[in-house]
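Per chain, numbering begins at 1; letters A, B, ... match sequence-line order.
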Amino acid sequence: MLNLGKAVEIQNRLRTRVILQPPDAPVNLIGACDVSFKSHYGVAVCATFNLHDLMLVETSHHIMPTHIPYVPGLLSFRELPFIIRALLKLQRMPNLLLVDGHGIAHPRRFGLASHVGVVLNISTIGCAKSCLIGEYKPPHLTRGAYSWLYDDGEKIGLVIRTATNVNPIFVSPGHRIDFTTAYKFILRTTKHRIPEPLRYVDIASRNIATKSI
DNA sequence: GCGACAG
DNA sequence: ATCTTGTCGC
């Protein structure tokens with residue numbers, strides 16, 4: 001199912017390819033992806049939106065069985081196969097992809113968002129609902145407030161209060177993006193706690209999982 | 001040995 | 001992630 005040693009080896013090899021620089025092309029189409037499970041089956045949903053008005057442009061999904069378990073720190077080996085297949089079904093690849101999970105805020109600085117970005121060579125941002133590794137000070141309670149996430153004295157992410165008096169989310173660069181640009185896009189696409197593109201794919205994948213599987 | 005641990 | 005009911009608050 002999953003060779004832990006090999007998996008870690010792959011992460012350490014691919015982590016050297018991560019680029020923490022702003023996208024080199026303007027972002028007009030922003031996407032998001034998420035995977036829901038039911039028994040040993042999973043369904044990945046991808047959706048793209050116009051960054052300008054956040055209107056839905058296109059969606060795609062892929063269903064298949066899985067034999068890989070969830071192991072903290074190795075989430076990408078379970079979800080990447082689903083996400084890649086769903087993404088390749090899109091007519092147009094987004095300029096930037098929001099991923100439900102961490103980017104470099106990871107023990108080996110190579111979370112799901114980074115893995116997806118490096119494999120497809122696209123800009124990605126990791127957006128998680130809870131912390132995997134690192135230390136931080138709770139950000140102020142108003143929307144837009146943030147604090148840095150550190151690990152070993154290294155800046156690895158942002159803890160952002162995307163809505164007033166609501167738990168913050170953990171944002172970190174996945175690939176081909178920097179902290180500042182990531183913060184900008186996350187706040188710009190968020191009305192509630194979770195960015196709109198991610199809310200959409202989360203609900204969509206859950207619906208398909210319970211109805212079509 | 002004990003606690004922590006994305007989804 | 002998933003299993004689960006009602007309930008409080010913006």
Inset, instruction - Might you point out which heavy atoms bring A:Gly174 and A:Ile104 nearest each other, and give the distance in Å? - result: O-CG2, 4.4 Å
Legend entry - side-chain contact (heavy atoms from CB on, under 4.5 Å) against A:Ala86, all qualifying residues, sequence neighbours excluded: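 With sequence neighbours excluded, A:Ala86 shows a side-chain contact (heavy atoms from CB on, under 4.5 Å) to A:Ala44, A:Cys46, A:Ser60, A:His62, given in chain and number order.
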Inset, instruction - Could you list the residues that satisfy side-chain contact (heavy atoms from CB on, under 4.5 Å) with A:Ala163, not counting sequence neighbours? - result: A:Val166
Inset, instruction - Count the heavy atoms of every other residue, nucleotide or ligand shown that sit under 6.0 Å from NE2 of A:His52, and state whether that count exceeds 12. - result: no
Legend entry - More than 12 heavy atoms from other groups under 6.0 Å of NZ on A:Lys191: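 Count not over threshold, so no.
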Legend entry - Flag, side chain of A:Thr66 to backbone of A:Ile68, donor-acceptor distance under 3.5 Å: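 Such a contact is found between A:Thr66 side chain and A:Ile68 backbone.
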What is the distance, rounded to the nearest whole Å, between atom [atom1] of [X] and atom [atom2] of [N]?
X        : N     : atom1 : atom2 : result
A:His106 : B:dC5 : NE2   : C1'   : 11 Å
A:Asp34  : C:dT2 : CG    : P     : 8 Å
A:Arg108 : B:dC5 : CZ    : C1'   : 12 Å
A:Asp202 : C:dT2 : CG    : C1'   : 12 Å
A:His40  : C:dT2 : NE2   : P     : 16 Å
A:Ile213 : C:dT2 : CD1   : C1'   : 13 Å
A:Phe37  : C:dC3 : CZ    : P     : 13 Å

Legend entry - Minimum side-chain heavy-atom gap A:Arg92-A:Leu29 below 4.5 Å: yes
Nucleic acid contacts of [range], taken as heavy-atom distances under 4.0 Å to DNA chain B:
range                       : value
residues 160-198 of chain A : none
residues 65-87 of chain A   : A:Tyr70, A:Pro72, A:Gly73, A:Leu74, A:Leu75, A:Glu79
residues 124-155 of chain A : A:Ala128, A:Lys129, A:Ser130, A:Cys131, A:Leu132

What are the atom names and distances for every N/O pair under 3.5 Å that joins the protein to nucleotides 7-10 of chain C?
none

Legend entry - Listed partners of A:Glu58 passing salt bridge (charged side-chain N to carboxylate O under 4.0 Å, His left out), at least two apart: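 Applying salt bridge (charged side-chain N to carboxylate O under 4.0 Å, His left out) to A:Glu58 gives none.
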Legend entry - Residues in salt bridge (charged side-chain N to carboxylate O under 4.0 Å, His left out) contact with A:Lys211, at least two apart in sequence or another chain: none
Legend entry - Duplex segments of DNA chain C, taken as runs of at least three Watson-Crick or G-U pairs that stay under 3.5 Å: none
Legend entry - Remaining members of the apolar cluster that contains A:Ile84, side-chain heavy atoms under 4.5 Å: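 Reading the cluster by chain and number, A:Ile84 sits alongside A:Val35, A:Phe37, A:Met64, A:Tyr70, A:Leu75, A:Leu80, A:Phe82, A:Ile83, A:Leu87, A:Leu88, A:Leu90, A:Met93, A:Leu97, A:Val99, A:Leu112, A:Val116, A:Val119, A:Leu120, A:Ile122.
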Inset, instruction - Please go through A:Leu141's hydrophobic cluster and name the other residues, only I, L, V, M, F, W, Y counting, with side-chain heavy atoms under 4.5 Å joining them. - result: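 Other cluster members: none.
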Inset, instruction - Over 60° means perpendicular and under 30° means parallel, so classify the ring planes of A:Phe110 and A:His115, tilted if in between. - result: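 Ring orientation of A:His115 relative to A:Phe110: tilted.
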Inset, instruction - Name the orientation class of the two ring planes belonging to A:His67 and A:His40 (parallel below 30°, tilted from 30 to 60°, perpendicular beyond 60°). - result: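 A:His67 and A:His40: tilted rings.
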Inset, instruction - Working to the nearest 0.5 Å, report the span between CG of A:Leu96 and OG1 of A:Thr124. - result: 8.0 Å
Inset, instruction - Rounded to the nearest 0.5 Å, what's the gap from CD on A:Gln21 to OG1 on A:Thr181? Could you check? - result: 9.0 Å
Legend entry - Qualifying salt bridge (Lys or Arg N to Asp or Glu O under 4.0 Å) pairs with a residue from residues 165-188 of chain A, counting only residues at least two apart or across chains: A:Asp24-A:Arg176
